[in-house]
There are 2 protein chains.
Amino acid sequence: MLAPIKIRDASLKQIRHACSNCSLRELCLPVGLSRDEMKQVDQLVTQGRPIRRGEYLYRAGQRFHSIYAVRLGFFKTSVISEDGREQVTGFHMNGELMGLDAISTTRHTCDAVALEDGEICELPFDDFESLARRIPALQHHLYRMMSREIVRDHGVMLLLGNMKAEERIAAFLLNLSERFEQRGYSHSSFHLRMTREEIGSYLGLKLETVSRTLSRFQEQGLVKVQNRLINLTDEAGLRQLVSSCVRD
Amino acid sequence: MLAPIKIRDASLKQIRHACSNCSLRELCLPVGLSRDEMKQVDQLVTQGRPIRRGEYLYRAGQRFHSIYAVRLGFFKTSVISEDGREQVTGFHMNGELMGLDAISTTRHTCDAVALEDGEICELPFDDFESLARRIPALQHHLYRMMSREIVRDHGVMLLLGNMKAEERIAAFLLNLSERFEQRGYSHSSFHLRMTREEIGSYLGLKLETVSRTLSRFQEQGLVKVQNRLINLTDEAGLRQLVSSCVRD
DNA sequence: GAATTTTTTTGATCTAAATCAACAATTGCC
DNA sequence: GGCAATTGTTGATTTAGATCAAAAAAATTC
């Protein structure tokens with residue numbers, strides 16, 4: 001969830017635990033599976049496939065067979081409008097699922113491309129579904145993951161519909177920070193895998209605005225920017241930016 | 001799907017058929033259930049409850065128990081940011097589900113309110129889930145409905161991130177038109193159930209901009225506007241607006 | 001059905017972000 | 001390691017839509 005809708009997500013820590021050290025981590029499955037059930041899921045989850053930067057997992061219009069779990073790396077998904085405008089719909093890192101949008105039409109509705117070398121897990125959806133019928137926790141888990149995607153999208157809608165450039169970028173940085181931290185990386189220092197243009201496309205801004213805003217943040221001592229390396233030097237300040245503007 | 005991502009939805013007509021005349025229409029379940037399965041679903045789907053205009057189905061933060069199927073009427077869902085800004089996340093009419101966002105956290109993440117008197121069906125989610133395990137078509141159907149919501153949200157993201165006011169409003173009118181038509185109402189003449197402000201909140205515009213744009217459309221002969229009654233007098237023109245601006 | 005409140009329209013002005021432009025820095029490639 | 005291509009920065013200018021304001025029209029309430 002990118003924009004600050006106030007809902008506590010108590011389940012995060014739990015999930016992180018469950019994901020830490022088993023072969024199911026790429027599914028982020030909560031604990032509670034029997035040894036036998038685990039084995040069945042394992043069989044479904046094919047060995048992670050290495051993916052090179054720039055490689056597409058799928059493109060809009062292609063037939064849908066599998067959902068994809070990021071095991072490693074950084075991906076972007078985007079939709080292209082009739083007249084060729086790109087809207088980045090998300091950036092995805094390990095433990096996150098892609099392709100859920102395709103279930104409804106049995107065709108992919110967006111493109112998914114790797115922004116750095118990585119590894120992904122392909123989950124044939126038919127198999128997943130029938131296995132889910134036998135393993136309630138698995139069924140429930142997918143409902144939860146899809147629901148989470150909807151919540152995330154609503155957050156982006158709030159951001160796009162209501163926030164101004166500074167707020168959007170602050171929210172974006174804080175969101176990345178949080179997600180890196182959840183994965184055991186530094187929350188205050190991280191590398192952007194995407195271009196300014198891609199950030200802009202996600203946030204509904206032009207790349208110049210993204211660049212300028214980052215520069216301004218730097219002047220204000222909120223962040224330190226060296227190319228794509230970001231240092232959050234005043235997280236509280238950023239947080240304030242997100243939730244304070246346009247107060248009435 | 002609001003913005004024109006080019007994916008054909010072949011299943012719509014089929015669904016409409018299935019929904020036409022059975023007690024499951026509020027779930028929009030595709031055919032293929034046995035008589036016995038139907039009966040089980042029927043038991044789950046409580047008798048539709050009448051809802052008055054202004055009544056809330058749920059509010060953000062409340063515990064999640066059920067998803068809601070609109071049987072009749074017109075609803076809006078919206079998220080409120082920390083500092084009180086409202087983002088309308090959707091308008092919902094009969095056959096559509098609300099509350100899917102709540103599955104992930106077991107708390108509702110948005111408000112749902114009736115914009116006119118109507119009738120809704122409450123579906124206790126736990127029961128739904130266990131029934132879904134026994135009825136594959138039901139399980140699959142919920143995955144599809146959730147996926148569809150994700151696709152729709154991506155369309156809104158495209159609209160908010162890339163389109164200008166005129167395009168947004170044209171897309172919005174065409175989307176309503178299509179949905180009314182799918183339900184057997186006129187596609188060219190319909191009544192807006194929401195205020196200009198609510199339209200604006202959904203589309204990321206101020207109410208003045210919505211009003212002005214509608215007036216301009218009227219001058220251009222694209223629509224006829226009488227209060228909330230809308231007459232699409234040049235659908236082709238509207239369609240062109242949506243897909244032609246900012247061509248490069 | 002008169003009075004109050006809410007919603008809508010329209011005009012004037014302002015402003016945040018887009019656009020246009022030029023150059024600098026990085027990255028990737030032969 | 002040098003060269004081309006991509007990506008990023010910064011400045012000047014424009015503009016779409018926001019904001020402010022006021023009045024008109026509808027809807028609601030008593």
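Only this structure's heavy atoms are used, side chains among them; waters, hydrogens and symmetry mates stay out. Lettering follows sequence order; numbering is per chain, from 1.
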Query raised in the report: Got a sec: does the CZ of Arg53(A) have more than 12 other heavy atoms crowding it under 6.0 Å?
Result: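 Not buried by this count: 12 neighbours or fewer within 6.0 Å.
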Report task. Would you indicate whether Glu197(A), at its atom CD, is surrounded by more than 12 heavy atoms from other residues, nucleotides or ligands within a distance under 6.0 Å? Result ->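 Check fails, neighbour count at 12 or below.
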Query raised in the report: How is Ser211(B) classified with respect to the nucleic acid when contacts are heavy atoms under 4.0 Å: base, sugar-phosphate, or nothing?
Result: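 If one applies the 4.0 Å heavy-atom cut-off, Ser211(B) turns out to touch a base.
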Query raised in the report: How is Gly54(B) classified with respect to the nucleic acid when contacts are heavy atoms under 4.0 Å: base, sugar-phosphate, or nothing?
Result: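 Since no nucleic acid heavy atom lies under 4.0 Å of Gly54(B), the category is nothing.
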Value in whole Å for how far the [atom2] atom of [N] lies from [atom1] of [X]:
X: Ile169(B); N: dT8(C); atom1: CD1; atom2: C1'; value: 13 Å
X: Leu203(B); N: dA18(D); atom1: CG; atom2: C1'; value: 16 Å
X: Lys206(B); N: dC14(C); atom1: NZ; atom2: C1'; value: 15 Å
X: Glu208(A); N: dA18(C); atom1: CD; atom2: P; value: 8 Å
X: Leu205(B); N: dT8(C); atom1: CG; atom2: C1'; value: 16 Å
X: His191(A); N: dT27(C); atom1: NE2; atom2: P; value: 8 Å
X: Phe217(B); N: dT9(C); atom1: CZ; atom2: P; value: 13 Å
X: Met194(B); N: dT8(C); atom1: CE; atom2: C1'; value: 15 Å

Charged N-O contact under 4.0 Å between [X] and [Y]:
X: Arg148(A); Y: Glu96(A); result: no
X: Arg49(A); Y: Glu122(A); result: yes
X: Arg212(B); Y: Glu208(B); result: no

Looking at [X], does any N or O in its side chain come under 4.0 Å of the phosphate oxygens OP1/OP2 on [N]?
X: Arg228(A); N: dG8(D); answer: yes
X: Arg212(B); N: dT9(C); answer: no
X: Lys164(A); N: dA17(C); answer: no
X: Thr209(B); N: dA18(D); answer: yes

Requested in this report: Enter the distance from Ser81(A):OG to Leu159(B):CG here, rounded to the nearest 0.5 Å.
Outcome: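 Atom-to-atom, Ser81(A):OG and Leu159(B):CG are 10.5 Å apart.
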Requested in this report: Specify the residue among Asn227(A) and Val210(A) whose closest nucleotide of DNA chain C lies further upstream toward the 5′ end.
Outcome: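 Nearer the 5' end of the strand: Val210(A).
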Query raised in the report: So how far off straight is the helix from dG1(C)-dC30(D) to dC30(C)-dG1(D), going by the axes through five pairs at either end, to 10°?
Result: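 The helix from dG1(C)-dC30(D) to dC30(C)-dG1(D) shows an end-to-end axis angle of 60°.
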Query - N/O donor-acceptor pair, side chain Arg53(A) with base dG28(C), under 3.5 angstrom - result: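 Per atom types, no contact qualifies.
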Query - Flag side-chain contact, heavy atom, 4.5 Å: Tyr202(A) against Arg168(A) - result: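 Counting from C-beta outward, Tyr202(A) and Arg168(A) never come under 4.5 Å.
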